[in-house]
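Single-structure report; data block below.
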Amino acid sequence: MTTTAPTPDASSVSGAGAAPADEVAGISPASGRFGRRRRRRQHDPSSLSRRSQLLLLGGLGLFTLYAIAPVWWLIVSATKSQQDLLHSNGLWFSEFNLFKNIGTVIEYDDGIFFRWVLNSLLYAGGGASVCTVISLAAGYSLSRFQFHGRALGMGLVVGSFLIPGAMLTLPLYLLFSEIGLVDSVWAVLIPSFISPFSVYLAKVYTDTSVPEEILEAARIDGAGELRIFFQIVMRLMTTGGATVFVLAFVSNWNGFFLPLTMLRGEDKWPLSLGLYFWNSKRSEVGLDLTALVLTGSLLAIIPLAIFMIAMQRYWRTGVTLGSIK
């Protein structure tokens, strides 16, 4: 009589010899579903992108705080009296004396502060205007004209703006003293007319924004080179010209070392040199004018802020024009 062996139960087979499916896949029964979720979370691109965004926002926040903190300190300090500057929290307000400080700045030394403001506007505005025209003309000629020594001229331009401006102050002083321009407004204005970096910037902008076809069409129609430059090129380079003007204006407004070397008369000083003179009285005659210096520094920011806001439309126009192209 033949005896048939009993067929083993599936559960007994899996329990005795075969490993569970989770163990075969490398997942312990203890971890199971939670282990799969953990690995999915670790490799989730969205979680990595969110983490990167948080790190980026945190870094930008720190840089913003670093940029705003000095301005906040200046605003707070300009509202304090001389006593409160020394005996109160430097980052928070005390007794409000801003309008009194402004009145003192206006009246001090027969209103010399307004003369310094006008001088700064002359040096910054006049110098930046002439610098913009010269830079655009030079950049346009380097970009669109072929002549002997063009590459050498471009190399000299690039090498020139790598030289620190302070190194040129003594040669300029010796040159202007020979021709009798020291202690005159021209000693500050003439050096501000030339900016090698602005020439390079204008050349790069001309390469990308002034099509050669438009210039050839204007020449075929009989237009002269001066007319082409002032009526066509200058209009096409409005955004680049605005950038050159802004950079030159801010640089001349904040200029200090050249006026300090060239100017002797107090009536010809710009704001930066005048405020430095007020601050130096503490060590020279024992007169502490820190409150006036801080209030004057705050007032000196206002024209720059107005200027930057007014010039925004040129960059906005340039960005819109670039998107249309």
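Just so you know, these numbers come straight off a predicted model, no measurement behind them. Hydrogens, waters and symmetry mates are skipped; everything else that's a heavy atom, side chains included, is used.
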Tabulate below the donor-acceptor pairs under 3.5 Å that side-chain atoms of residues 180-187 make, not counting sequence neighbours, or state none.
| from | atom 1 | to | atom 2 | distance (Å) |
| --- | --- | --- | --- | --- |
| D183 | OD1 | R264 | N | 2.8 |
| D183 | OD1 | G265 | N | 3.1 |
| S184 | OG | L181 | O | 2.4 |

Counting only pairs under 3.5 Å, give me each side-chain donor-acceptor contact of residues 86-93, with atom names and distances, residues two or more places apart or in other chains.
| from | atom 1 | to | atom 2 | distance (Å) |
| --- | --- | --- | --- | --- |
| H87 | ND1 | Q83 | O | 3.0 |
| S88 | OG | K80 | NZ | 3.1 |
| S88 | OG | D84 | O | 2.3 |
| N89 | OD1 | L91 | N | 3.2 |

Return all side-chain donor-acceptor pairs below 3.5 angstrom for residues 115-125, not counting sequence neighbours, or 'none' if the list is empty.
| from | atom 1 | to | atom 2 | distance (Å) |
| --- | --- | --- | --- | --- |
| R115 | NE | D267 | O | 3.4 |
| W116 | NE1 | E266 | O | 3.0 |
| N119 | ND2 | R115 | O | 3.3 |
| N119 | ND2 | D267 | O | 2.8 |
| N119 | ND2 | W269 | O | 2.9 |
| S120 | OG | W116 | O | 3.1 |
| S120 | OG | L271 | N | 2.7 |
| Y123 | OH | K268 | O | 2.7 |

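The environment of CZ in F230 is sparse: at most 12 heavy-atom neighbours from other residues, nucleotides or ligands sit within 6.0 Å. Shown here is Y66, whose OH atom has no more than 12 heavy atoms of other residues, nucleotides or ligands within 6.0 Å. Around CD of E178, the count of heavy atoms belonging to other residues, nucleotides or ligands within 6.0 Å does not exceed 12. F63 CZ: 12 or fewer foreign heavy atoms inside a 6.0 Å radius.
Across all non-hydrogen atoms, the minimal contact from L98 to A78 is CD1-O, 3.5 Å. Counting all heavy atoms, side chain and backbone alike, L275 lies closest to F113 at CD2-CE1, 4.3 Å. Among all heavy-atom pairs drawn from T132 and G241, the shortest one is CG2-O, 3.6 Å. Among all heavy-atom pairs drawn from T206 and M237, the shortest one is OG1-CE, 3.1 Å. Shortest non-hydrogen contact noted between Q82 and A291 is OE1-N, 3.2 Å.
S272 places none of its side-chain heavy atoms less than 4.5 Å from the side chain of N254. Between L136 and Y205 the shortest side-chain heavy-atom distance does not fall below 4.5 Å. Using a 4.5 Å heavy-atom threshold, the side chains of F114 and V105 count as separate. The closest side-chain heavy-atom distance from P70 to L74 is not below 4.5 Å. Side chains of C131 and S198 form a contact here, defined as non-hydrogen atoms less than 4.5 Å apart. Side-chain atoms of V188 and P270, non-hydrogen and from C-beta on, never get closer than 4.5 Å to each other. For the pair T79/E95, no side-chain contact is recorded, criterion being any heavy-atom separation below 4.5 Å from C-beta on.
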Ring pair (Phe, Tyr, Trp, His ring centres under 6.0 Å) between W253 and F307, worked out: CA-CA 11 Å; W253 181 272; F307 174 73; 9.1 Å; no
Intermediate values then yes/no, side chain to side chain contact (heavy atoms under 4.5 Å, CB included), N279 and L289: CA-CA 6 Å; N279 192 50; L289 299 177; over 6 Å; no
Side chain to side chain contact (heavy atoms under 4.5 Å, CB included) between Y140 and I228, worked out: CA-CA 11 Å; Y140 167 66; I228 291 174; 4.0 Å; yes
Full working for side chain to side chain contact (heavy atoms under 4.5 Å, CB included) between T290 and W278: CA-CA 8 Å; T290 306; W278 279 0; over 6 Å; no
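The structure places CG of L62 at 11.0 Å from CG of L57, a figure rounded to the nearest 0.5 Å. To the nearest 0.5 Å, atom CZ of residue F193 and atom CG of residue N252 are 9.5 Å apart. The distance from atom CD of E107 to atom CD1 of I102, rounded to the nearest 0.5 Å, is 12.0 Å. Here OG of S135 is found 7.0 Å from CD1 of I194. Values are rounded to the nearest 0.5 Å. The distance from atom CG of L85 to atom CG of N97, rounded to the nearest 0.5 Å, is 9.5 Å. Atom-to-atom distance recorded for L189:CG and L258:CG is 10.0 Å, nearest 0.5 angstrom.
Partners of Y200 according to the ring pair (Phe, Tyr, Trp, His ring centres under 6.0 Å) rule, which considers only residues two or more places apart in sequence or in another chain, are F161. Under the side-chain contact (heavy atoms from CB on, under 4.5 Å) criterion, V71 pairs with I75, not counting sequence neighbours. Not counting sequence neighbours, the partners of Y276 by the side-chain contact (heavy atoms from CB on, under 4.5 Å) test are F256, L273. Every side-chain contact (heavy atoms from CB on, under 4.5 Å) that I68 has, sequence neighbours left out, goes to T64. Residues passing the ring pair (Phe, Tyr, Trp, His ring centres under 6.0 Å) test with F99, sequence neighbours excluded: F96.
Pairs engaging residues 156-168 under the salt bridge (Lys or Arg N to Asp or Glu O under 4.0 Å) rule: none recorded [sequence neighbours left out]. Here salt bridge (Lys or Arg N to Asp or Glu O under 4.0 Å) pairs that include residues 188-204, with residues two or more places apart or in two chains, are K203-D207. Under the salt bridge (Lys or Arg N to Asp or Glu O under 4.0 Å) criterion, the residue pairs touching residues 222-238 are R219-E225, with sequence neighbours excluded.
Both V157 and L201 are part of a single hydrophobic cluster, where members link through side-chain heavy atoms under 4.5 Å apart. Note on F197: it clusters hydrophobically with L162, by side-chain heavy-atom contacts below 4.5 Å among ILVMFWY residues. Under a hydrophobic-cluster definition in which Ile, Leu, Val, Met, Phe, Trp and Tyr are linked whenever side-chain heavy atoms come within less than 4.5 Å, directly or via other members, V158 and L156 are assigned to different clusters. Residues L152 and I163 do not share a hydrophobic cluster, clusters being chains of Ile/Leu/Val/Met/Phe/Trp/Tyr side chains in contact below 4.5 Å. Transitive grouping of hydrophobic side chains (ILVMFWY, heavy atoms separated by less than 4.5 Å) keeps L65 and W72 in distinct clusters.
Looking at S77, its side chain does come within 3.5 Å of a backbone N or O of W73 through a donor-acceptor pair. Looking only at distances, a side-chain donor or acceptor of S280 sits under 3.5 Å from a matching main-chain atom of F277. Looking at T295, its side chain never comes within 3.5 Å of a backbone N or O of L292 through a donor-acceptor pair. A donor-acceptor distance shorter than 3.5 angstrom exists from the side chain of R150 to the backbone of F145, with no hydrogens or angles considered.
Hydrophobic cluster of L56: the remaining members, joined at side-chain heavy-atom separations below 4.5 Å, are L60, listed by chain and number.
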